[in-house]
Protein chains: 2
Amino acid sequence: MATLAQAKQEFIEAWGGHGSAWGINRTMAQIHALLLVSEVALSTEDVMEALEISRGNANMNLRALVEWNLISRTVVKGNRREYFIAEKDAWRIATQIARERRKREIEPMLKTLEGLSAMEIRGEEKKSAEAFRQTIKNLREVTLRADQVISVVAKAGGLAVTKKILKLFVK
Amino acid sequence: MATLAQAKQEFIEAWGGHGSAWGINRTMAQIHALLLVSEVALSTEDVMEALEISRGNANMNLRALVEWNLISRTVVKGNRREYFIAEKDAWRIATQIARERRKREIEPMLKTLEGLSAMEIRGEEKKSAEAFRQTIKNLREVTLRADQVISVVAKAGGLAVTKKILKLFVK
DNA sequence: TGGAATTTTCAGAAAATACTGAAAGATTTG
DNA sequence: CAAATCTTTCAGTATTTTCTGAAAATTCCA
């Protein structure tokens, strides 16, 4: 049987390991995990110590997490340092990650595909050019629908609503 | 105005660049793109030449793409070599990618969260332990729902069906 | 305003990841 | 079944990504 501290440590390591699944690096995911299971706000120093990382690394990844809106800066009174606190609501965490990845990955991809769609192609190979254009168009359409699915879910009222809607479709 | 070859080249580079968005490396994505826009099956040699990569690299990434079910081996008669051909249907490409990522990323994550949920925690901090357990449970539930959304969409009849269902929810 | 406390930046170092090329292993064919 | 053709493997190398630590910048307070 584990102590609470051990369980938290295990979670931090696991979350760090899975971080690449949603497009962030190990350290960033570990810091996120650390703050997720911390009951109090933590300073850069605290994070450095807990994860045994350098100040630069801590600073950089804390900033990135703030940009992702997964954590926020806060003030602890009687103290000059900056402290950080994580968004704890799992639904909001998930939709926030979805939102960021959409922005960073799907949108640029759609831009690329749209650019290629719009490209005029010269030369004799009419048929081939048409096939190429169609491939791109299809990829664009599918990407667009994936994007919409993500977007619809992220804008759903929350976990309970999603669960109900899913019931209509599952099994 | 670009030639068809130039447009294809541009697509290959772009697709390579976006590859990391869906969990594969640049070369693997480029090979996929090359085969996607190729009207004929290509051999390892062809791929090596087109992308200026080594035999080892070509071989490794072609195998990975076969494992992802994004391309398949084929035979060109009167020829001893192995040739490769890509799945061209955009909907199937997308669902295949979704399926693989689910397997490689979401499932292990659920396993981890379930393991942590099941963990018994000793010590005096009952309240804290309960809060921790709740955090994990919530993350698990949200991950599970995300998984189900992906799964439902991937099993939908195809792009047309998805489009219709989306209409119920968008705007 | 001076200076102590804190945060940010970034060049170089370390670590992780991807690639090469040649050798070994298969497979086909004459 | 031996030679030719093709595929796979993998140790070493190259590239990319991430991290460190110290200096510079900023903020806060007396």
Side-chain angles (χ1 to χ4, degrees), chain A residues 12-13 15-35 41-68 71-85 101 104-105, chain B residues 12-13 15-35 40-68 70-85 101 104-105:
Chain A
I12 290 166
E13 274 158 30
W15 199 247
H18 293 304
S20 60
W22 37 286
I24 72 175
N25 70 38
R26 176 179 307 275
T27 303
M28 188 169 155
Q30 284 186 340
I31 296 175
H32 184 226
L34 175 66
L35 286 166
L42 301 179
S43 68
T44 303
E45 294 279 348
D46 296 333
V47 171
M48 286 167 61
E49 190 173 343
L51 303 179
E52 299 182 64
I53 60 176
S54 71
R55 183 175 302 284
N57 196 9
N59 183 265
M60 185 169 67
N61 285 296
L62 282 165
R63 174 141 42 85
L65 284 164
V66 170
E67 273 164 24
W68 277 65
I71 68 175
S72 51
R73 296 171 200 272
T74 181
V75 176
V76 169
K77 80 171 166 187
N79 211 319
R80 188 156 145 188
R81 283 185 201 168
E82 269 192 317
Y83 283 75
F84 298 90
I85 194 167
R101 298 205 64 182
R104 288 158 200 261
E105 290 159 14
Chain B
I12 290 166
E13 275 159 29
W15 200 246
H18 293 304
S20 59
W22 37 286
I24 72 176
N25 71 38
R26 177 180 306 276
T27 303
M28 188 169 155
Q30 283 185 339
I31 296 175
H32 185 226
L34 175 65
L35 285 165
V40 296
L42 301 180
S43 67
T44 303
E45 293 280 348
D46 296 332
V47 171
M48 286 166 62
E49 189 174 342
L51 302 178
E52 300 182 64
I53 60 176
S54 72
R55 183 175 302 284
N57 196 9
N59 183 70
M60 184 170 67
N61 284 297
L62 282 164
R63 174 142 41 87
L65 284 164
V66 169
E67 273 163 25
W68 277 65
L70 290 170
I71 68 174
S72 51
R73 294 172 201 272
T74 182
V75 176
V76 169
K77 79 172 167 188
N79 212 319
R80 188 156 145 189
R81 283 185 202 168
E82 270 192 316
Y83 282 75
F84 298 89
I85 194 166
R101 299 205 65 181
R104 289 157 199 261
E105 290 160 14

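Throughout, protein chains are lettered first and strands after them, A, B, ... in sequence-line order, and every chain is numbered starting at 1. All values reported here derive from a predicted model rather than from experimental measurement.
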Would you list the atom pairs, donor with acceptor, under 3.5 Å between side chains in residues 19-28 of chain A and any protein atom, with sequence neighbours excluded?
{"from": "Asn25(A)", "atom 1": "OD1", "to": "Thr27(A)", "atom 2": "N", "distance (Å)": "3.1"}
{"from": "Asn25(A)", "atom 1": "OD1", "to": "Met28(A)", "atom 2": "N", "distance (Å)": "2.8"}

List for me each residue that meets salt bridge (charged side-chain N to carboxylate O under 4.0 Å, His left out) alongside Glu45(B), sequence neighbours excluded, and say none if there are none.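 Glu45(B): salt bridge (charged side-chain N to carboxylate O under 4.0 Å, His left out) contacts with Arg55(B).
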Sequence neighbours excluded, which residues qualify as salt bridge (charged side-chain N to carboxylate O under 4.0 Å, His left out) partners of Arg63(B)?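 Counting only residues at least two positions away or on another chain, Arg63(B) forms no salt bridge (charged side-chain N to carboxylate O under 4.0 Å, His left out).
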Quickly, which of Leu51(B), Asn57(B), Leu70(B) forms a side chain to side chain contact (heavy atoms under 4.5 Å, CB included) with Ile31(B)? Name it, please.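 Only one option passes, and that is Leu51(B).
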Would you kindly compare Asn61(B) and Arg73(A) by the position of their nearest DNA chain C nucleotide and give the one closer to the 5′ end?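 The 5'-side residue here is Arg73(A).
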Within residues 75-83 of chain B: residues closer than 4.0 Å to DNA chain D (heavy atoms):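 Here the set is Arg80(B), Arg81(B), Glu82(B).
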First contact, last contact: which nucleotides of DNA chain C are these for chain B, 5' to 3', heavy-atom distance under 4.0 Å?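 From 5' to 3', the first and last contacting nucleotides are dA18(C) to dT28(C).
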Contacts of [X] that satisfy side-chain contact (heavy atoms from CB on, under 4.5 Å) - sequence neighbours left out:
X	value
Thr74(B)	Ala41(B), Tyr83(B), Ile85(B)
Glu49(A)	none
Arg80(A)	none

Give me the atom names and distance for the closest heavy-atom approach of Gln30(A) to Ile12(A).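 Heavy-atom minimum between the residues: CG-O, 3.6 Å.
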Minimum heavy-atom separation for Met48(A) and Ala58(A), please, with both atom names.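 The pair with the smallest heavy-atom distance is CG-CB, 3.7 Å.
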In chain order, what residues pass the side chain to side chain donor-acceptor pair (under 3.5 Å) check against Asp46(A), with sequence neighbours excluded?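 Side chain to side chain donor-acceptor pair (under 3.5 Å) check on Asp46(A) returns Ser43(A).
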Set of residues satisfying side chain to side chain donor-acceptor pair (under 3.5 Å) with respect to Arg81(B), sequence neighbours excluded: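 So Arg81(B) forms no side chain to side chain donor-acceptor pair (under 3.5 Å) with any residue.
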Hey, can you pull the residues of residues 24-35 of chain B with a non-hydrogen atom under 4.0 angstrom from DNA chain C?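 Residues of residues 24-35 of chain B under 4.0 Å from DNA chain C: Asn25(B), Thr27(B).
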Taking side chain as C-beta onward, heavy atoms only, is Leu34(B) less than 4.5 Å from Trp15(B)?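 They are not in contact (no side-chain heavy atoms under 4.5 Å apart), so the answer is no.
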Earliest and latest nucleotide of DNA chain D, 5' to 3', sitting under 4.0 Å from a non-hydrogen atom of chain A?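 Boundary nucleotides touching chain A, in 5' to 3' order, are dT18(D) to dC28(D).
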